[in-house]
Amino acid sequence: MTEVKVKKESTDPVDIENRIKELCQQFPQGITDQVIQNDMPHVEAQQRATAINRLLSVGQLDLLRNSNGLLYRLKDLQSASKVKGSDNQEKLVYQIIEDAGNKGIWSRDIRYKSNLPLTEINKILKNLESKKLIKAVKSVAASKKKVYMLYNLQPDRSVTGGAWYSDQDFESEFVEVLNQQCFKFLQSKAEAARDSKQSPMVQRNSSFATSHEVWKYICELGISKVDLSMEDIETILNTLIFDGKVEMTIIAAKEGTVGSVDGQMKLYRGVNPIIQPTGLVKTPCGLCPVFDDCHEGGEISPSNCVYMVEWLDF
């Protein structure tokens, strides 16, 4: 009888470290200890911890924290090589800015987290900017303050204000043009449905348009200098709903249908208001496309809203 030899999986520290790095490459957002344990059930907890600690100590892994606990992520070697040679204070400031992501961080918060003097922080920030490792971005939340983020990151909408802001100024005219064009498209679709002379129910159903259809129409017009998302167009359509010019319904949709989300699709149709919109809808808040992001103490706040001040003065 031939003896069958079972190959024992390697528990060599180097092999464990290499496998951990391979897992991190498969999951760029980071892996938990549970992922490592599931992949290497034969490796004892102490061996895993030793391998992880060594990778952290040599700067090959980043240690992060989220709602589920600790995450291990492969360090960006390109960024690490750029910071290589810098002193510990510069590395600390760079790490703080990196952790802030695309929302950025103010110099005041960097000072609080690093416990370094403001003069030293300003010197480090200028040095990192000159190396093109970080960049300063003006925030719509405070015109005189800048936030710092990694050079290659695209700022979050909460920083730039999204499509509705240009150089920190709210583009009210641009929003109004989009408002008019979206309504015009829905009106033309409703008129075409009425002219079809079909049954009332068929006319009503054919007068609806998806947000994707409206988005495509606006993109083909070429009236926007920035790329608009379907979410941006739905924000405009919501202002038309508040005005009583448009109504929305939600239907079930097959998976993969263009414009559907989680098996649902939003449909919009232009309507003729029976009565004039109420005074509340005519306020700046009733027409504001960033209404959901506005709250006291936030980046967009009623207390510093110039449109509300102008409306009250009028």
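Just so we're clear, the structure is a prediction, and the values are computed from it rather than from any experiment.
Residue pairs satisfying the salt bridge (charged side-chain N to carboxylate O under 4.0 Å, His left out) criterion with at least one member in residues 177-188, sequence neighbours excluded, are absent.
Looking at residues two or more places apart in sequence or on another chain, you find a salt bridge (charged side-chain N to carboxylate O under 4.0 Å, His left out) between R204 and E247. Residues forming a side-chain hydrogen bond (donor to acceptor under 3.5 Å, both in side chains) with E17 (at least two apart in sequence, or on another chain): R54. Partners of Q34 under the side-chain contact (heavy atoms from CB on, under 4.5 Å) rule, at least two apart in sequence or in another chain, are T32, Q37, N38. Taking Y217 as the reference, F185 meet the ring pair (Phe, Tyr, Trp, His ring centres under 6.0 Å) condition, with sequence neighbours excluded. Residues satisfying the side-chain hydrogen bond (donor to acceptor under 3.5 Å, both in side chains) criterion with D99, sequence neighbours excluded, are Q95. By the side-chain hydrogen bond (donor to acceptor under 3.5 Å, both in side chains) test, E22 is found to be paired with R19, residues two or more places apart in sequence or in another chain being considered. Shown here are the salt bridge (charged side-chain N to carboxylate O under 4.0 Å, His left out) partners of D33, two or more places apart in sequence or in another chain: R48. In this view, A100 and I105 satisfy the side-chain contact (heavy atoms from CB on, under 4.5 Å) rule, not counting sequence neighbours. In this structure L118 satisfies the side-chain contact (heavy atoms from CB on, under 4.5 Å) test together with R111, N122, sequence neighbours excluded. Remark: S301 pairs with E296, S303, N304 by the side-chain contact (heavy atoms from CB on, under 4.5 Å) rule, at least two apart or across chains. Annotation: side-chain hydrogen bond (donor to acceptor under 3.5 Å, both in side chains) contacts of K126 (sequence neighbours excluded): none.
Looking at T235 and N238, their side chains never bring a donor and an acceptor atom within 3.5 Å of each other.
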